[in-house]
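Take a look at the structure below.
This structure is a prediction, so every number in the text was calculated from the model and none was measured.
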Amino acid sequence: MDIFLQQIINGLTTGSVYAIVALGYTMVYGVIQLINFAHGEVVMIGAMVAFTVITALVGAGLPLPPIVLVFAGVLTAVPVCMAIGYLLERVAYRPLRHAPRLAPLITAIGMSIILQHLALLIWGRDPRAFPQIMEVTSFNLGGAAISSVQIVIILLSVVMMGVLTWFVYRTRFGIAIRASAEDVRVAALMGVDANRVIAATFIIGAAMGAVAGVMYGTYYGIAHYTMGFTLGLKAFSAAVLGGIGNLAGAMLGGILLGLVEALGAGYIGDLTDLCQWPVFGGLLAERCEADGHVILLGSNYQDVFAFLVLILVLVFRPSGLLGERVAERA
Amino acid sequence: MSVLLEALSVGKRFGGVQALKDVSLTIRAQEIYGLIGPNGAGKTTFFNVLTGLYTRDSGDVLLAGAPLPLGSPHLVARAGIARTFQNIRLFGNMTALENVMVGRHVRTRIGMFGAILRTRSQREEEAAIRRRAEELLHYVGIAHRANDLARHLAYGDQRRLEIARALATEPKLLALDEPAAGMNATETGALRQLILGLRADGLTVLLIEHDVKLVMGLCDRVAVLDYGEKIAEDVPEVVQKDAKVIEAYLGGNVGDSST
């Protein structure tokens with residue numbers, strides 16, 4: 001099996017999910033400069049709701065084809081998450097619209113904790129296994145395996161990114177969103193209702209987040225009330241990597257982050273195998289002969305890469321890959 | 001002539017500074033009305049209160065007899081006041097055409113779901129918005145730059161684009177905040193023609209301007225603000241000779257007249 005190609009495929013899959021989640025962060029940030037830390041939790045709730053619906057339908061024993069089950073799950077998760085996204089904006093952030101920036105940021109963290117514990121109350125603390133309703137088929141692609149789930153995730157993500165781009169650049173509501181992102185007060189003077197635009201960014205982000213949650217849950221076969229935290233932080237890192245506030249940046253950042261993470265996880269074991277370094281050869285000779293390998297850092301360190309990337313970006317290019325250098329507005 | 005806008009004892013305070021103090025003025029329909037005064041007199045503050053960017057502390061503003069929903073910019077825009085800015089505030093990363101299309105939001109019902117679902121009436125409305133935006137660009141004379149990013153336009157064209165964007169909201173009153181700032185004599189002359197054309201087409205214009213020659217030559221009536229108070233309001237010929245106005249501009253310290 002070709003490890004490199006395999007990790008590229010895996011990276012593209014998780015990267016697509018990161019990109020979709022990152023779009024939720026970046027859209028909201030673009031318009032109101034708020035990092036909606038509760039977005040990861042919205043994604044988690046999307047996965048949980050879909051999981052509940054699918055499990056219930058399977059339990060009911062109806063002879064439905066798997067695709068219908070998943071579809072029903074997604075169709076329930078999306079409106080639920082849209083409602084949560086709207087409520088977050090309406091209840092938690094709008095009253096603080098003109099408060100110092102730290103206040104809504106702390107509120108976002110608070111909302112994240114509240115949603116997480118709400119999920120804990122509803123779904124319990126044990127990880128829920130996503131029902132295995134589909135037979136996952138794998139295809140051989142140049143020595144690497146790509147599963148049907150991976151194909152669907154990548155394709156669906158590309159479609160969502162395409163639709164979002166079309167919406168933002170080609171429709172007049174999209175024009176209103178971009179105008180508000182550039183100057184929300186002037187946009188208001190031109191008759192754009194800032195509240196509607198801001199609510200829309202939350203709702204759109206949440207809808208895509210719900211789909212991302214279902215994709216993530218299906219891919220790893222598991223859903224847990226804390227899954228939104230790491231996923232959210234990684235997607236946020238992706239948004240920063242691409243340049244927060246920039247749509248193309250979030251997509252690029254998500255994919256890149258997924259690739260870095262997958263390749264890192266794929267090679268870190270080999271690179272930190274101490275037996276290949278002569279320095280340690282003598283020291284660990286006994287263990288090396290017995291096992292062949294003494295691996296310092298295994299693939300479970302994969303989470304480190306996302307945040308390593310975040311740190312490097314913040315140090316060397318704080319505005320992100322596609323972000324413009326922000327000049328202070330007069 | 002009928003009264004279009006009536007400001008009644010408008011007051012605005014920033015901390016210890018009384019930026020506007022009981023400012024009352026009356027703008028008649030189809031008038032070109034000038035608002036002048038030394039730097040810091042409160043002209044822009046008045047604009048910001050009028051267009052809903054600032055909430056006022058006291059007083060009221062009536063537009064065609066109805067109270068303005070002050071403090072809510074998009075409702076003020078809907079009521080019929082549009083403005084431009086002293087320091088141009090276009091949407092720089094959007095095309096000239098898109099900038100004007102944003103202005104059409106006031107007069108159309110925007111819906112996120114409608115925009116996604118693209119019903120027939122949605123598509124027709126969107127086409128109408130685009131057509132109207134193109135007409136307005138043509139009207140202000142920059143139709144050939146329609147698809148250029150706003151920040152790539154020449155300075156004078158940016159000022160024109162701001163006016164086109166404001167016109168897209170179909171205002172009753174167009175408020176121009178120092179439209180001639182930074183313009184050379186030729187550009188100022190062209191601007192003058194544009195403003196006269198707007199009035200000929202039925203619009204009422206409120207003009208803040210430092211170029212006294214332009215104001216005196218263009219405006220039907222002029223109000224003078226000084227330290228947040230209105231000290232004169234009349235036709236240019238009278239205002240020019242007003243003792244208080246001369247004092248405010250040339251005052252005790254002639255060297256300080258930065259206007």
Side-chain angles (χ1 to χ4, degrees), chain A residues 27 30-31 78-79 82 85-86 97-98 160 162-208 243 245-248 322-324 326-327 329-330, chain B residues 47-48 51-54 72-95 97-108 110-118 122-123 125-130 133 150-151 162 165-166 168-171 175:
Chain A
M27 281 184 61
V31 177
V78 167
M82 286 167 99
Y86 176 73
R97 188 80 53 75
H98 301 288
M160 280 197 283
V163 170
L164 182 74
T165 307
W166 167 81
F167 177 72
V168 169
Y169 284 91
R170 285 287 171 268
T171 68
R172 62 212 174 99
F173 200 90
I175 289 177
I177 291 179
R178 280 189 293 143
S180 301
E182 285 206 35
D183 193 330
V184 74
R185 303 206 320 163
V186 175
L189 283 173
M190 297 307 136
V192 176
D193 184 345
N195 283 333
R196 282 179 66 141
V197 166
I198 292 166
T201 60
F202 275 88
I203 291 172
I204 296 169
M208 292 198 304
N246 184 311
L247 290 185
L322 301 184
E324 288 172 45
V326 185
R329 241 182 240 144
Chain B
F47 255 47
N48 287 340
T51 49
L53 280 183
Y54 293 166
S72 176
H74 77 274
L75 293 181
V76 171
R78 194 165 294 166
I81 296 183
R83 69 170 290 179
T84 65
F85 294 86
Q86 183 178 350
N87 47 337
I88 299 172
R89 285 171 78 174
L90 289 164
F91 307 117
N93 290 317
M94 293 163 60
T95 66
L97 188 69
E98 286 173 338
N99 267 274
V100 182
M101 286 170 74
V102 172
R104 291 301 298 156
H105 268 281
V106 182
R107 301 298 159 206
T108 48
I110 51 158
M112 181 172 70
F113 296 104
I116 294 174
L117 297 174
R118 300 191 81 63
Q122 278 290 332
R123 283 201 307 271
E125 193 170 35
E126 208 152 316
I129 289 172
R130 192 170 287 271
R151 62 188 162 93
E162 260 205 327
R165 184 179 65 178
T169 68
E170 288 173 28

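Put simply, of P171(B), G92(B), A82(B), the one with the most heavy-atom pairs under 4.5 Å next to chain A is G92(B). The candidate from I81(B), L75(B), V102(B) with the greatest count of non-hydrogen atom pairs under 4.5 Å with chain A is V102(B).
Remark: of the listed residues E126(B), E98(B), R104(B), E98(B) is the sole one forming a side-chain contact (heavy atoms from CB on, under 4.5 Å) with I175(A).
Between the side chain of E182(A) and the main chain of N93(B), a donor-acceptor pair closer than 3.5 Å is present.
Listed by chain and number, the residues in a side-chain contact (heavy atoms from CB on, under 4.5 Å) with R170(A) are W166(A) (sequence neighbours excluded).
Separating the CE atom in M190(A) from the CE atom in M101(B) is a distance of 15.0 Å, to the nearest 0.5 Å. Between atom CG of residue D193(A) and atom CZ of residue R78(B) there is a gap of 7.0 Å, rounded to the nearest 0.5 Å.
Contact between G191(A) and A77(B) at its shortest, heavy atoms only, is N-CB, 3.8 Å. Nearest heavy-atom pair, R172(A) versus H105(B), reported as atom, atom and distance to 0.1 Å: O-NE2, 3.2 Å.
Put simply, the side chain of L189(A) does not reach to within 4.5 Å of the side chain of R89(B), judged on heavy atoms. F85(B) is not listed as a side-chain neighbour of D183(A), based on a closest heavy-atom distance of 4.5 Å or more.
For L53(B), the parts sitting under 4.5 Å from any heavy atom of chain A are the backbone and the side chain alike.
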